[in-house]
There are 2 protein chains.
Amino acid sequence: MTYDNAITALADPTRRAVFEALAVKPQSVADLAQGQPVSRPAVSQHLKVLVGARLVKATPQGTRRIYALDPTGLIALRAYLDRFWDDTLGAYAAEVRRQSAN
Amino acid sequence: MTYDNAITALADPTRRAVFEALAVKPQSVADLAQGQPVSRPAVSQHLKVLVGARLVKATPQGTRRIYALDPTGLIALRAYLDRFWDDTLGAYAAEVRRQSAN
DNA sequence: CATTATCGTAAGTCATAACTTACCGTAAGC
DNA sequence: GCTTACGGTAAGTTATGACTTACGATAATG
């Protein structure tokens, strides 16, 4: 049940911005806060959520912590969405067929 | 920019439950409310959000409205996640390589 | 050691959004 | 045409979560 944490985490715009910044390159908390319109503690709290969702991973380096992407959460989220992929396309095809039948 | 509506929409548990119920089969609002622990207006409001995210589509049928899945939102959401797919796996591979180098 | 840099956490504020009940419009059935 | 089903919307309440400032802990630096 990690996928719902991932969805919840990525639902917030600021958190998504942090996630996207880490996709560019791994960064420290201060570096991330530098590029965001919120305070450093706010970024820190967002990172906590992202780590909980397994979307992000921290590696201590001296007094700093370098955050980077963790594929685990994304894999879980994608797997969840894939469960509906065939259903959705199938339903859509059936819909198109039904409307064409008129 | 439909993908962020889709993420926001699927972030809510009740809305996800409605979405999953529609994945099983198209249903009316009353039918959906029947299977959920919330009131019918609540379901109606959730459906409005899901429609806005292009995750769900309504087809009027007499006084009832049959809701069904709309692939548009899912496609957009999946496309967004795919943007990070290679980055994430690449970053992970680099990480593994780095740790193996010790 | 003392200082400085980096970060996490606590506490409190404020906006938002997920509910509820009540109400109104609209299409079918008798 | 009246009534009945169905569903969307309005209004109000309440919980949650996204932010702020203040503080504490830890590791490098001189």
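Being a predicted model, the structure only gives us computed values, none of them experimental. A, B, ... follow the sequence lines: proteins, then strands. Residue 1 opens every chain.
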Return the CZ to OG1 distance between Arg64(B) and Thr59(B), rounded to the nearest 0.5 Å.
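Answer for the CZ-OG1 pair, Arg64(B) versus Thr59(B), is 10.0 Å.
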Under 3.5 Å donor-acceptor pairs involving side-chain atoms of residues 21-28 of chain A, not counting sequence neighbours:
from	atom 1	to	atom 2	distance (Å)
Ser28(A)	OG	Asp31(A)	N	3.2
Ser28(A)	OG	Asp31(A)	OD2	3.1

What pairs of nitrogen or oxygen atoms, one from the protein and one from nucleotides 1-7 of chain C, lie under 3.5 Å apart?
from	atom 1	to	atom 2	distance (Å)
dT6(C)	O2	Thr63(A)	OG1	3.4
dC7(C)	OP1	Val29(A)	N	3.2
dC7(C)	OP2	Ala30(A)	N	2.9

dA17(C) phosphate, OP1 or OP2: any side-chain N/O from His46(B) under 4.0 angstrom?
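No, because none of the side-chain N or O atoms of His46(B) sits under 4.0 Å from OP1 or OP2 of dA17(C).
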First contact, last contact: which nucleotides of DNA chain D are these for chain A, 5' to 3', heavy-atom distance under 4.0 Å?
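Footprint of chain A along DNA chain D, 5' to 3': dA18(D) to dA28(D).
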Which whole-number value in Å describes the distance from Gln36(B) CD to dA18(C) C1'?
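Atom-to-atom, Gln36(B) to dA18(C), this comes out as 14 Å.
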For Arg16(B), side-chain contact (heavy atoms from CB on, under 4.5 Å) partners two or more places apart:
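Testing Arg16(B) for side-chain contact (heavy atoms from CB on, under 4.5 Å), a comparison that skips the adjacent residues, returns Tyr3(A), Asp4(A), Ile7(A), Tyr80(A), Leu10(B), Pro13(B), Glu20(B).
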Do Leu77(B) and Val51(B) sit in one hydrophobic cluster, given that two such residues count as connected whenever their side-chain heavy atoms are within less than 4.5 Å of each other, even indirectly?
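In one cluster: yes.
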State plainly whether one hydrophobic cluster holds both Leu81(B) and Val56(A), where clusters connect Ile, Leu, Val, Met, Phe, Trp and Tyr through side-chain heavy atoms under 4.5 angstrom apart.
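Yes, same cluster.
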Got a sec, which pairs hit ring-ring contact (aromatic ring centres under 6.0 Å, His included) with one end in residues 7-63 of chain A, sequence neighbours left out?
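Qualifying pairs: Phe19(A)-Phe84(B).
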So which pairs with a foot in residues 47-76 of chain B pass ring-ring contact (aromatic ring centres under 6.0 Å, His included), sequence neighbours left out?
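Listed by first then second residue: nothing to list.
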Side chains of Lys57(A) and Leu69(A): closer than 4.5 Å at any heavy-atom pair?
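Counting from C-beta outward, Lys57(A) and Leu69(A) never come under 4.5 Å.
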Do the side chains of Leu47(B) and Val18(B) get nearer than 4.5 Å, heavy atoms only?
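When only atoms from C-beta onward are counted, Leu47(B) and Val18(B) do touch, with a gap below 4.5 Å.
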Which heavy atom of [X] sits nearest a heavy atom of [Y], and at what distance?
X        : Y       : result
Val49(B) : Ala9(B) : CG1-CB, 4.0 Å
Ala11(B) : Thr8(A) : O-OG1, 4.0 Å
Ala53(A) : Thr2(A) : O-CG2, 3.7 Å

What does the list of N/O pairs under 3.5 Å between the protein and nucleotides 10-14 of chain C look like, with a distance for each?
none

Sequence neighbours excluded and cut-off under 3.5 Å, please list the side-chain donor-acceptor pairs for residues 32-40 of chain A, or say none.
from	atom 1	to	atom 2	distance (Å)
Ser39(A)	OG	Ala42(A)	N	3.4

Any residue of residues 9-22 of chain B with a heavy atom less than 4.0 Å from an atom of DNA chain C
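Under 4.0 Å from DNA chain C: Asp12(B), Thr14(B), Arg15(B).
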Quick one: list whatever passes side chain to side chain donor-acceptor pair (under 3.5 Å) with Arg78(A), sequence neighbours left out.
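Checked Arg78(A) against side chain to side chain donor-acceptor pair (under 3.5 Å); matches are Asp82(B).
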Name all pairs fulfilling the salt bridge (Lys or Arg N to Asp or Glu O under 4.0 Å) condition that reach into residues 43-54 of chain B, sequence neighbours left out, sorted by first residue then second.
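Pairs touching residues 43-54 of chain B that pass the test: Arg54(B)-Asp70(B).
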Bend across the helix from dC1(C)-dG30(D) to dC30(C)-dG1(D), to 10°, with axes taken over 5 pairs at each end?
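Angle reported: 20°, given to the nearest ten degrees.
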